[in-house]
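What's counted below: heavy atoms across the whole structure, side chains too, no hydrogens, waters or symmetry copies. Residue numbers start at 1 and run along the sequence shown. It should be emphasised that the depicted structure is a prediction, and the values quoted were computed from it without experimental measurement.
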Amino acid sequence: MKKQIIIKSLLLTISLGAVMTTYGCGNAAKDTTENAETTDTETSQASDANDSSNADVDSESDVTDQEVSTTEASDDVSEDSTGDKADPQAIYQQFLDNELEFNGQLFSDRYTYLKEDFELTPAGYYYDVDEDGEDELLISTFYYGFDIYDVRDGELVLLDYGDGTADACSVFTGEDHTYVAHSDFLHAGRQVLTLIRYDENGDVVELISLSAFYEDSESDTYDENAQFSYNDTAITMAEYEEYMNLYQAAPVEDMRTAEIDESLFE
């Protein structure tokens, strides 16, 4: 009888153990599973958060790159819009105001002879003589015509000038072009005109010469017997006059007046 009770007790213990294993330990396993799923979810969320964070970083990096690119582009536009090219008008005015030397001389030093010799203050004008779209500075030297200044690479240069009464410098126009003219119309027995067309670099792109010599004329004017030439080729008086009508001196009224401080010459 005892044996049967012991055996039944053992069988009951084994059955209870199985139930506990099935239910009690099953809850623990469920908790573990739920914990594992929670961990997986958290890991997934953390991974998604990291991916989102990385995306944000990449996005911020893209924005930063765009800002740098935009800034660089802006700088380029700024440089293109302002450029490093000096303003010729400002340089001319600095020269006229005695704030800039040319060949070691101030403006008043270079032209003080006009005041001393002729009691004149130099007159200045602006006119595009080399067809580059920008006006050059012309200073009238009375008998010798114009000194013509240009600006190249930010430097003031003397493009052309008169060299005495037999070589006065002026500006002529004709055939839709502008020329620097060297002429001698003041001496008896001759009329000599040389027309020079410059480009923006100061290079000569066209040269025209016209002349009439009549030294033996008693009336001191040319007639059919005078010697006429165009670019060293003999022409008739009619042809000479046709050329002289074609090329005319540019009127001062067509030029813009430069501002010169007369007190610099007092």
Side-chain angles (χ1 to χ4, degrees), residues 102-103 110-131 135-150 157-199 201-255 257-258:
F102 177 77
N103 284 352
R110 286 183 64 81
Y111 297 103
T112 188
Y113 74 91
L114 292 174
K115 189 72 171 179
E116 295 173 350
D117 296 347
F118 308 112
E119 289 296 320
L120 294 173
T121 300
Y125 306 93
Y126 292 111
Y127 199 82
D128 183 8
V129 303
D130 58 7
E131 302 179 338
D135 289 343
E136 281 67 49
L137 174 63
L138 286 63
I139 302 299
S140 175
T141 62
F142 195 39
Y143 282 128
Y144 311 135
F146 292 125
D147 285 351
I148 303 177
Y149 294 91
D150 196 2
V157 298
L158 186 61
L159 175 66
D160 212 331
Y161 59 95
D163 193 22
T165 57
D167 187 14
C169 181
S170 58
V171 178
F172 270 58
T173 60
E175 295 188 299
D176 297 324
H177 288 299
T178 301
Y179 300 87
V180 174
H182 289 263
S183 60
D184 179 9
F185 294 148
L186 298 178
H187 294 88
R190 63 180 183 266
Q191 288 186 359
V192 179
L193 176 65
T194 300
L195 302 175
I196 305 170
R197 183 156 64 92
Y198 288 102
D199 67 10
N201 298 314
D203 296 325
V204 177
V205 295
E206 185 181 8
L207 187 65
I208 298 171
S209 63
L210 280 165
S211 64
F213 288 93
Y214 44 94
E215 295 178 355
D216 297 332
S217 173
E218 294 182 358
S219 62
D220 198 27
T221 59
Y222 65 78
D223 55 25
E224 292 285 354
N225 297 319
Q227 297 178 342
F228 304 96
S229 69
Y230 172 82
N231 287 346
D232 297 327
T233 299
I235 57 175
T236 65
M237 185 176 77
E239 289 173 323
Y240 175 77
E241 290 180 339
E242 183 178 349
Y243 281 122
M244 291 300 293
N245 289 328
L246 180 61
Y247 302 104
Q248 294 288 316
V252 173
E253 291 77 12
D254 292 347
M255 301 180 182
T257 303

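More than 12 heavy atoms of other residues, nucleotides or ligands sit less than 6.0 Å from atom CD of Glu206. Around CD of Gln248, the count of heavy atoms belonging to other residues, nucleotides or ligands within 6.0 Å exceeds 12. The 12-atom threshold is not exceeded at CG of Asp216, counting heavy atoms of other residues, nucleotides or ligands nearer than 6.0 Å.
Nearest heavy atom pair, residue Glu136 against residue Leu138, reads O-CD1, 3.4 Å. The nearest pair of heavy atoms linking Leu137 to Ala258 is CD1-CB, 4.1 Å. Across every non-hydrogen atom of Ala181 and Leu193, the tightest pair is CB-CD1, 3.9 Å. Contact record, Cys169 with Tyr161: CB-C, 3.5 Å, taken as the closest heavy-atom pair. The two residues Asp128 and Asp135 come nearest to each other via the heavy atoms N-OD1, 3.3 Å. Taking all atoms of both residues into account, the shortest heavy-atom contact from Ile139 to Gly124 is CD1-CA, 4.0 Å.
To the nearest 0.5 Å, atom CG of residue Leu246 and atom CZ of residue Phe172 are 11.5 Å apart. Annotation: the span from Tyr125 atom OH to Glu253 atom CD amounts to 8.5 Å, rounded to 0.5 Å. The CZ atom of Phe213 sits 7.0 Å away from atom OG of Ser229, with the distance rounded to the nearest 0.5 Å. In this structure, CD1 in Ile235 is found 7.5 Å from OG in Ser211, a value given to the nearest 0.5 Å.
In this structure Asp167 satisfies the side chain to side chain donor-acceptor pair (under 3.5 Å) test together with His182, sequence neighbours excluded. Under the rule for a side chain to side chain donor-acceptor pair (under 3.5 Å), the partners of Tyr247 that lie at least two apart in sequence or sit in another chain are Glu175. A search for ring pair (Phe, Tyr, Trp, His ring centres under 6.0 Å) contacts involving Phe185 returns nothing, not counting sequence neighbours.
Checked by atom type, the side-chain pair Asp150/Tyr198 shows no donor-acceptor distance below 3.5 Å. A donor-acceptor pair shorter than 3.5 Å can be found between the side chains of Glu241 and Tyr222.
Between the Asn201 side chain and the Asp203 main chain, no donor and acceptor come within less than 3.5 Å of each other. With hydrogens and angles ignored, the 3.5 Å screen pairs a side-chain donor or acceptor of Thr141 with a backbone N or O of Gly145.
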Checklist line | Evaluation steps, side chain to side chain contact (heavy atoms under 4.5 Å, CB included), between Met255 and Val171 | finding: CA-CA 10 Å; Met255 301 180 182; Val171 178; 4.3 Å; yes
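The aromatic rings of Tyr240 and Phe228 are tilted relative to each other, their planes meeting at an angle between 30° and 60°.
You'll find the side chain of Asp147 reaches within 4.5 Å of the side chain of Tyr111, heavy atoms only. Side-chain atoms of Ile208 and Arg197, non-hydrogen and from C-beta on, never get closer than 4.5 Å to each other. Residues Ser209 and Tyr230 have side chains not in contact (no heavy-atom distance under 4.5 Å, counting atoms from C-beta outward). The side-chain heavy atoms of Asp199 and Glu131, taken from C-beta on, include no pair separated by under 4.5 Å. Within the 4.5 Å cutoff, the side chain of Tyr127 has heavy atoms near those of the Thr173 side chain. Side chains of Tyr179 and Ile196 form no contact here, defined as non-hydrogen atoms less than 4.5 Å apart.
Leu210 pairs with exactly one of Gln191, Met244, Glu239 by the side-chain contact (heavy atoms from CB on, under 4.5 Å) rule, that one being Met244.
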